[in-house]
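The shown structure was predicted, so the numbers you read here are calculated from the model rather than taken from an experiment.
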Amino acid sequence: SHYPNIDFTIDISQLTYDDFNAENVKLNMIKADNSIEFKNFKATGLDGDIGMTLNINQNNDLNSNISGHLSLKTINLNDLFKSFHNFEQSLLSHEHLKGSITTNFEFECKANEYLELDLNSLILDGPYEIQNGELIAFEPLMDLNAYLSDNKLISKFLKVKEFDHIRFGSIKNKLKIENENIFFDNLKINSNKAHVFVNGVHQFNNDINYKLKINIPSILNKGKIKSEDYIVIEDQGMNLFLVAEGNIEDPIIKYDKRQVKEVIKENIKKEKTILKGLNKEKALSKQDSIKMSQPDIEEESLDFEDEIDW
């Protein structure tokens, strides 16, 4: 049957949904034949500001396509995860997180006739920033630390509890979710003792494929550790390369010697480019020097009959 179109604005001073609380909620709702659009949703909550647009388009089979935009400004991470029951997963909970997050995400997802989301169809993309963050007793990092602590060279700098509680000032990165995969692209975590770079994929079933680079600043190394087949020493410090794969519950962590070879090869290529540039500058400088030492013929043309005495 055909329902009338509806267009109205909602203004709520206080909203409670399950464990989520918000204030100053405003939104514009537009209902058409087979679609509902929530425009200009704004609210304050979780110590920050929330903004969203949401489109629900129903198909002939009563299933729906949902899409929209979500913006969060300085939202409390601990409260966010706690309010939404850790998003129905156990890997990363509110107990592991502190800090505030700011985001701008575009998303789309499918849902059934009861608007229950099919998270396997979720596509999400956009930048985020975490400020004054803390990662506490996060199991994958504790596994990494246990692995590194067995290395006598590395354990001089990364103590057994180094990654148990990581504090960092700011993380800026882009989050992408598609085909049941969460993609990490050069995610950088700066702590007071080490810098961790993560590239790779985390699947919804918790299978992982991470490439890790752990940078220990030169001031901590002080030349005590030399290059190994899994370590590269550079100006910015000691770089340790690892790969983590398998399931997050029992990951396989090993030294990434292939990545080390690629880095060394790339560094040699850069050095050759720099050297070629220096040689070119040196040659040009030499040519300029020769030109400077030669007399200006136009200003002082020699009269050979006057100047040369046989």
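How far CD1 of I56 is from CG of N34: 12.5 Å, rounded to the nearest 0.5 Å. The distance from atom CG of N63 to atom CG of D118, rounded to the nearest 0.5 Å, is 9.5 Å. Separating the CG atom in N78 from the NE2 atom in H94 is a distance of 6.0 Å, to the nearest 0.5 Å. Atom CG in D143 sits 12.0 Å away from atom CD1 in I252 (nearest 0.5 Å). The CG atom of L72 lies 3.5 Å from the OG1 atom of T103; values are rounded to the nearest 0.5 Å. Atom CG of residue D79 and atom CG of residue L97 lie 11.0 Å apart, to the nearest 0.5 angstrom.
Tracing side-chain contacts under 4.5 Å through hydrophobic residues (I, L, V, M, F, W, Y), one never reaches I171 starting from F183; they form parts of separate clusters. If you chain together hydrophobic residues whose side chains sit under 4.5 Å apart, I10 and I6 fall into the same group. One hydrophobic cluster, built from ILVMFWY side chains closer than 4.5 Å, cannot hold both V243 and V201; they sit in different ones. Hydrophobic clustering (side-chain heavy atoms under 4.5 Å, transitive across Ile, Leu, Val, Met, Phe, Trp, Tyr) groups F107 together with L80. Note on I130 and F84: same hydrophobic cluster, where clusters join Ile, Leu, Val, Met, Phe, Trp and Tyr whose side-chain heavy atoms are under 4.5 Å apart, directly or indirectly.
No option in I123, L124, D125 other than I123 meets the side chain to side chain contact (heavy atoms under 4.5 Å, CB included) test with E108.
Of all the heavy atoms in F168 and L135, the pair that sits closest is CE2-N, 4.3 Å. When all heavy atoms are compared, the tightest approach of K26 to D11 is CE-OD2, 3.6 Å. Closest heavy-atom contact between F204 and N120: CD2-OD1, 4.0 Å. Of all heavy-atom pairs between N28 and T9, the closest is ND2-OG1, 3.6 Å. D19 approaches H85 most closely through the heavy-atom pair OD2-CE1, 3.0 Å. The minimum heavy-atom distance between A137 and H96, with the atom names listed, is O-CD2, 3.3 Å.
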Using the rule given for side-chain hydrogen bond (donor to acceptor under 3.5 Å, both in side chains), can you reason through N21 versus T16, listing the C-alpha separation, both sets of side-chain angles and the distance that settles it, and then say yes or no?
CA-CA 5 Å; N21 297 295; T16 298; 2.9 Å; yes

Please test N5 against D7 for side-chain contact (heavy atoms from CB on, under 4.5 Å), starting from the C-alpha separation and ending with a verdict.
CA-CA 7 Å; N5 294 343; D7 186 342; over 6 Å; no

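Checked by atom type and distance alone, the side chain of N199 pairs as donor or acceptor with a backbone atom of N186 at under 3.5 Å. No donor-acceptor distance shorter than 3.5 angstrom exists from the side chain of S64 to the backbone of I66, with no hydrogens or angles considered. A distance-only check finds a donor-acceptor pair linking the side chain of N112 to the backbone of L115 [under 3.5 Å]. Side chain of N59 to backbone of D61: no donor-acceptor contact under 3.5 angstrom is found.
Ion pairing between a basic and an acidic side chain is recognised when a charged N comes within 4.0 Å of a carboxylate O; D185 and K176 show no such pairing.
Using a 4.5 Å heavy-atom cutoff, the side chains of L242 and K254 are not in contact. E249 is not listed as a side-chain neighbour of E139, based on a closest heavy-atom distance of 4.5 Å or more. For the pair I182 and L175, the minimum side-chain heavy-atom distance is below 4.5 Å. Counting heavy atoms from C-beta outward, E129 and K172 have side chains that approach closer than 4.5 Å.
Ring-plane geometry between F184 and H202 is classed as perpendicular, the angle between the planes exceeding 60 degrees on a 0 to 90 degree scale with a lower cut at 30.
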Hey, can you pull the donor-acceptor pairs under 3.5 Å for the side chains in residues 35-54, sequence neighbours left out?
| from | atom 1 | to | atom 2 | distance (Å) |
| --- | --- | --- | --- | --- |
| T44 | OG1 | E23 | O | 3.2 |
| D47 | OD2 | N76 | ND2 | 3.2 |
| T53 | OG1 | H69 | N | 3.4 |

